[in-house]
**Student:** 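Can you read through this structure? Questions will come right after.
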Protein chains: 2
Amino acid sequence: MSAGRALELSKQFKAIADPNRLRLVSLISSSPGSEACVCDLTEPLDLGQPTVSHHLKILVDAGILHREKRGVWAYYSVVPGALNTLAGVLSESCPTPEMRPA
Amino acid sequence: MSAGRALELSKQFKAIADPNRLRLVSLISSSPGSEACVCDLTEPLDLGQPTVSHHLKILVDAGILHREKRGVWAYYSVVPGALNTLAGVLSESCPTPEMRPA
DNA sequence: CACCGACATTGACAATCATCGATATCTTTC
DNA sequence: GAAAGATATCGATGATTGTCAATGTCGGTG
């Protein structure tokens, strides 16, 4: 793996390598319509609204979440394929991927 | 996802959310025998030996790498299943997992 | 237009982190 | 047992990060 590719991937991994951001992604993906607005996310995380907005921005900047403003609310959803790419990187380095013990 | 589970997972994600540690895991898994010692890893990463040892310790503490001392050398290998678990967590939050548009 | 609610941004602070130089530990060899 | 080499640990430092309080911005409402 090249240094450039590693840096690129590390930015996305850093984005999800936080307990509150992991919960944000989980909450959003399991929400009705697979989307949620900020006001739905502050209470279950027990964090202030600015902090949640900050975490969401990090996830959007990393290309993991999508932000859509509808009226007064901002709806966040998981970008299709973003997490699959990261999951694929991890699977590549797994032992016994397509190997069988005879 | 519970706060405890998120914290637990974030520790493993933090461990790999570093460009040099991503390259370490990649280098080790693609090495002959799927293992490598520190002296094989310092040069391709262009880092000092203490720094590489430090990163390896973080990966071992996170349960991602396994350390085995043989003689003077310390051989590191990827723990089977560790990365698959993380990959599974990411896949769970992916849109269109077992969903098909009619 | 004045107000209110949802959200974003800013500034600050404590905590964590990545890196390095110096040094310690342990194993093999002579 | 002294020397050499591989690796781990320690201490320090500059950079990044997570959180919050305060404030700014923008859309909807009366």
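In the text below, chain A, chain B and the rest are named by the order of the sequence lines, each starting its count at 1. This structure is a prediction, so every number in the text was calculated from the model and none was measured.
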**Student:** Pairs in or reaching into residues 58-78 of chain A: which pass salt bridge (charged side-chain N to carboxylate O under 4.0 Å, His left out), with residues at least two apart or in two chains?
**Tutor:**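 Qualifying pairs: A:Glu35-A:Arg70, A:Lys57-A:Asp61, A:Glu68-A:Arg70.
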**Student:** When clusters are formed by joining ILVMFWY residues with side-chain heavy atoms under 4.5 Å apart, either directly or through shared neighbours, do A:Ile58 and B:Ile16 land in the same one?
**Tutor:**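 Not linked; separate clusters.
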**Student:** Hey, does the side chain of B:Ser2 reach the backbone of B:Arg5 with a donor-acceptor pair shorter than 3.5 angstrom?
**Tutor:**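 Pair found, side chain donor or acceptor close to backbone of B:Arg5.
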**Student:** Say whether B:Val38 and B:Tyr75 are linked into one hydrophobic cluster, either directly or through other cluster members, by side-chain heavy-atom distances under 4.5 angstrom.
**Tutor:**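 Looking at the clustering, B:Tyr75 is in a separate group from B:Val38.
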**Student:** For DNA chain C, find the residues of residues 47-54 of chain B with a heavy-atom distance under 4.0 Å and give them by number; none if there aren't any.
**Tutor:**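 Those residues whose heavy atoms fall under 4.0 Å from DNA chain C, taken from residues 47-54 of chain B in numerical order, are B:Leu47, B:Gly48, B:Pro50, B:Thr51, B:His54.
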**Student:** How long is the line joining NZ of B:Lys14 and C1' of C:dA18, in whole Å?
**Tutor:**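 Rounding to the nearest Å, NZ of B:Lys14 and C1' of C:dA18 are 14 Å apart.
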**Student:** Would you jot down, in residue-number order, the residues of residues 70-79 of chain A having a non-hydrogen atom under 4.0 Å from DNA chain C?
**Tutor:**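 The stretch gives A:Val72, A:Trp73, A:Ala74, A:Tyr76 as the residues lying under 4.0 Å from the strand, ordered by number.
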**Student:** Would you check if A:Leu83 and B:Val89 make a side-chain contact, meaning some heavy-atom pair closer than 4.5 Å?
**Tutor:**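 Counting from C-beta outward, A:Leu83 and B:Val89 never come under 4.5 Å.
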**Student:** Taking only residues two or more places apart in sequence or in another chain, which ones pass side chain to side chain donor-acceptor pair (under 3.5 Å) with A:Arg21?
**Tutor:**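 Listed in chain order: A:His55.
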**Student:** Does anything in residues 15-30 of chain B come within less than 4.0 Å of DNA chain D? Heavy atoms only, and list the residues if so.
**Tutor:**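 Heavy-atom contacts with DNA chain D come from no residue of residues 15-30 of chain B; none.
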**Student:** Can you get from B:Leu45 to B:Ile64 by hopping between Ile, Leu, Val, Met, Phe, Trp and Tyr side chains that sit under 4.5 Å apart?
**Tutor:**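 Looking at the clustering, B:Ile64 is in the same group as B:Leu45.
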**Student:** Under 4.5 Å between side-chain heavy atoms, counting indirect links through other Ile/Leu/Val/Met/Phe/Trp/Tyr residues: same cluster for B:Val79 and B:Leu65 or not?
**Tutor:**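 Unlinked, B:Val79 and B:Leu65 end up in two clusters.
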**Student:** If two hydrophobic side chains count as joined below 4.5 Å and joins carry through other members, does A:Leu27 share a cluster with A:Tyr76?
**Tutor:**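 Same hydrophobic cluster.
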**Student:** Is the NZ atom of B:Lys11 crowded by more than 12 outside heavy atoms at less than 6.0 Å?
**Tutor:**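 No - once you tally the heavy atoms of other residues, nucleotides and ligands closer than 6.0 Å, there are 12 at most.
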**Student:** Quick one, A:Asn84 and B:Ser91 - any side-chain contact, counting heavy atoms below 4.5 Å?
**Tutor:**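 Yes - at least one pair of side-chain heavy atoms lies under 4.5 Å apart.
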**Student:** So among A:Leu47, A:Leu24, A:Asn20, which one has a side chain to side chain contact (heavy atoms under 4.5 Å, CB included) with A:Leu41?
**Tutor:**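 Checked A:Leu47, A:Leu24, A:Asn20 against A:Leu41; only one passes side chain to side chain contact (heavy atoms under 4.5 Å, CB included): A:Leu24.
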**Student:** For a quick test of reading the model, state the closest non-hydrogen atom pair linking B:Leu22 to A:Ser10 and the distance between them.
**Tutor:**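 Nearest heavy atoms, B:Leu22 then A:Ser10: CD1-N, 3.7 Å.
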**Student:** Check this one for me: any side-chain N or O of B:His55 less than 4.0 Å away from OP1 or OP2 of C:dT19?
**Tutor:**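 Looking at the OP1 and OP2 atoms of C:dT19, one of them is under 4.0 Å from a side-chain N or O of B:His55.
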**Student:** Give me the residues of residues 56-69 of chain B where at least one heavy atom lies under 4.0 Å from an atom of DNA chain C, by number, or none.
**Tutor:**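 The stretch gives B:Ile58 as the residues lying under 4.0 Å from the strand, ordered by number.
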